[in-house]
2 protein chains.
Amino acid sequence: MSASGLACCTPLTGTAMSARQAEQVAPLLKALADPVRLRLVSLIAASAGGEACVCDLNDAFELTQATISHHLKVLYSAGLLDRDKRGVWVYYAVRPAALAAVATLFDTPPRFDTAAPNPA
Amino acid sequence: MSASGLACCTPLTGTAMSARQAEQVAPLLKALADPVRLRLVSLIAASAGGEACVCDLNDAFELTQATISHHLKVLYSAGLLDRDKRGVWVYYAVRPAALAAVATLFDTPPRFDTAAPNPA
DNA sequence: CAGTCATATTGACAGACGTCGATGCCGGTG
DNA sequence: CACCGGCATCGACGTCTGTCAATATGACTG
């Protein structure tokens with residue numbers, strides 16, 4: 001399971017992305033590319049303190065506790081969430097850096113349209 | 001196959017996302033959540049005129065023509081690409097609006113941290 | 001019109017994924 | 001210490017996905 005390097009990446013739109021970069025970022029997108037996980041991240045991010053208890057997350061879905069736990073593991077393994085066990089409860093928090101890494105993908109770089117003539 | 005509504009969406013980080021929203025955006029992310037497709041979009045976006053001929057895209061990968069065609073179809077079906085046939089060749093172009101729709105997911109809204117006390 | 005080239009489609013297959021019920025683990029409580 | 005409750009893990013399942021070889025389609029060429 002990855003979770004460290006955090007996939008710094010150039011925007012999609014600028015210059016062509018390397019195979020290596022693509023393989024680093026794709027897992028992050030894959031982790032987010034599920035309606036349930038999207039809502040989980042959103043719920044956690046919107047919670048007070050930027051973290052949420054698994055018990056509350058379970059109640060927000062009509063899914064088995066096992067399934068929610070699985071989705072949280074996917075997000076955690078991708079490096080998108082932090083995990084903190086406090087007594088009996090477990091709290092997950094969004095890792096802003098991870099989200100930011102993905103966000104850079106969609107940054108629109110200065111638009112040089114069609115093979116821009118050097119504006120010197 | 002979708003390709004129209006284009007999934008307008010509130011940022012992940014602001015208020016909790018609805019199930020409906022999540023189900024609209026997830027397919028876009030799913031379409032992008034593959035290294036090959038990520039590179040395809042990147043290659044197309046980085047090409048002169050913001051479009052690229054399939055023949056060139058085929059050459060950029062060590063994959064079968066059928067596989068590239070499949071990936072392009074996935075991206076096209078998700079509404080991320082436009083398709084334009086000119087004679088024997090087919091050109092794909094990135095739909096900036098679609099990319100922008102996904103980008104809004106990662107916009108960081110004004111940070112109200114933990115249940116902000118109204119600063120009145 | 002027969003041939004060739006660029007894409008798309010089909011069918012097959014192995015592997016990954018989302019979901020569940022059942023079970024295990026561990027921290028509190030009586 | 002025995003028990004209960006929150007969460008993770010396991011095993012199984014049907015489905016979806018990425019890839020390929022083969023074939024179809026459709027546009028130009030001689």
Side-chain angles (χ1 to χ4, degrees), chain A residues 1-3 19 22-41 43-44 47 51-93, chain B residues 1-3 19 22-44 47 51-78 80-93:
Chain A
M1 304 196 179
S2 54
E23 273 155 22
Q24 283 183 345
V25 192
L28 288 185
L29 288 174
K30 197 164 267 180
L32 286 173
D34 177 282
V36 174
R37 292 199 287 269
L38 226 34
R39 286 174 64 200
L40 278 172
V41 170
L43 268 173
I44 294 171
S47 297
E51 63 176 13
C53 171
V54 175
C55 55
D56 293 331
L57 297 175
N58 279 330
D59 294 347
F61 298 83
E62 308 229 325
L63 290 170
T64 308
Q65 175 264 322
T67 300
I68 298 297
S69 186
H70 162 70
H71 284 306
L72 287 171
K73 180 178 184 177
V74 171
L75 289 167
Y76 176 73
S77 299
L80 286 162
L81 296 184
D82 269 334
R83 187 176 182 277
D84 184 21
K85 179 158 192 171
R86 295 187 208 142
V88 192
W89 292 279
V90 174
Y91 289 79
Y92 282 93
Chain B
M1 302 193 179
S2 54
E23 273 155 21
Q24 284 183 347
V25 192
L28 288 185
L29 287 174
K30 200 164 266 180
L32 286 173
D34 177 282
V36 174
R37 292 200 285 270
L38 225 34
R39 286 175 63 200
L40 278 171
V41 170
S42 174
L43 268 174
I44 295 171
S47 298
E51 62 175 16
C53 171
V54 175
C55 54
D56 292 330
L57 297 174
N58 279 330
D59 295 346
F61 297 84
E62 307 229 326
L63 289 170
T64 309
Q65 176 264 322
T67 300
I68 297 298
S69 186
H70 162 70
H71 284 305
L72 287 171
K73 181 178 183 174
V74 170
L75 290 167
Y76 175 73
S77 300
L80 286 161
L81 296 183
D82 269 334
R83 187 177 181 277
D84 183 20
K85 179 160 194 172
R86 296 185 207 143
V88 193
W89 292 279
V90 174
Y91 289 79
Y92 282 93

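Throughout, a chain's letter reflects where its sequence line sits, starting with A, and its residues are numbered from 1. As a basis for the values below, the full set of heavy atoms in this structure was taken, side chains included, without hydrogen atoms, waters or symmetry mates. Everything quoted here is computed from the prediction, not taken from an experiment.
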Can you measure [X] atom [atom1] to [N] atom [atom2] for me and round it to whole angstrom units?
X	N	atom1	atom2	value
B:Leu32	D:dT17	CG	P	14 Å
B:Leu81	C:dT7	CG	P	15 Å
A:Ile68	D:dT9	CD1	C1'	16 Å
B:Tyr76	C:dA8	OH	P	10 Å
B:Arg86	D:dC28	CZ	C1'	17 Å
A:Asp84	D:dC7	CG	P	12 Å
A:Lys85	C:dC26	NZ	P	8 Å
B:Trp89	D:dA27	CH2	P	14 Å

Identified side-chain contact (heavy atoms from CB on, under 4.5 Å) partner of B:Leu81 from the options B:Val74, B:Leu75, B:Leu40: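 Of all the options given, the one that passes is B:Leu75.
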
Give a yes/no on whether any side-chain N or O of [X] is located under 4.0 angstrom from OP1 or OP2 of [N].
X	N	result
A:Arg83	D:dA8	yes
A:Lys73	D:dT9	yes
B:Tyr92	C:dA6	no
A:Tyr91	D:dC7	no

Using a cut-off of under 3.5 Å, enumerate the N/O to N/O pairs linking the protein to nucleotides 16-20 of chain C.
| residue | atom | partner | partner atom | Å |
| --- | --- | --- | --- | --- |
| C:dG18 | OP1 | A:Asp34 | OD2 | 3.3 |
| C:dG18 | OP1 | A:Arg37 | NH2 | 3.1 |
| C:dG18 | OP2 | A:Arg37 | NH1 | 3.3 |
| C:dT19 | OP2 | A:His71 | NE2 | 2.4 |
| C:dC20 | OP2 | A:Thr64 | N | 2.9 |
| C:dC20 | OP2 | A:Thr64 | OG1 | 3.0 |
| C:dC20 | OP2 | A:Thr67 | OG1 | 2.8 |
| C:dC20 | O5' | A:Thr64 | OG1 | 3.0 |

Here the side-chain hydrogen bond (donor to acceptor under 3.5 Å, both in side chains) pairs for residues 51-68 of chain B, sequence neighbours left out, are B:Glu51-B:Arg86

Please give me the minimum heavy-atom distance between [X] and [Y], naming the atom from each residue.
X	Y	answer
A:Ala22	B:Pro35	CB-O, 3.5 Å
B:Lys30	A:Ala33	CE-O, 3.1 Å
B:Ala31	B:Leu80	CB-CD1, 3.8 Å
A:Ile44	A:Leu72	CD1-CD2, 4.2 Å

Which nucleotide in the list D:dC7, D:dG26, C:dG27 gets nearest to the side chain of B:Val88? D:dG26

Does the B:Ser42 side chain pair with the main chain of B:Leu38, one donor and one acceptor, at a distance under 3.5 Å?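 No, the answer is negative, given that no donor and acceptor are paired below the 3.5 Å cut-off.
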
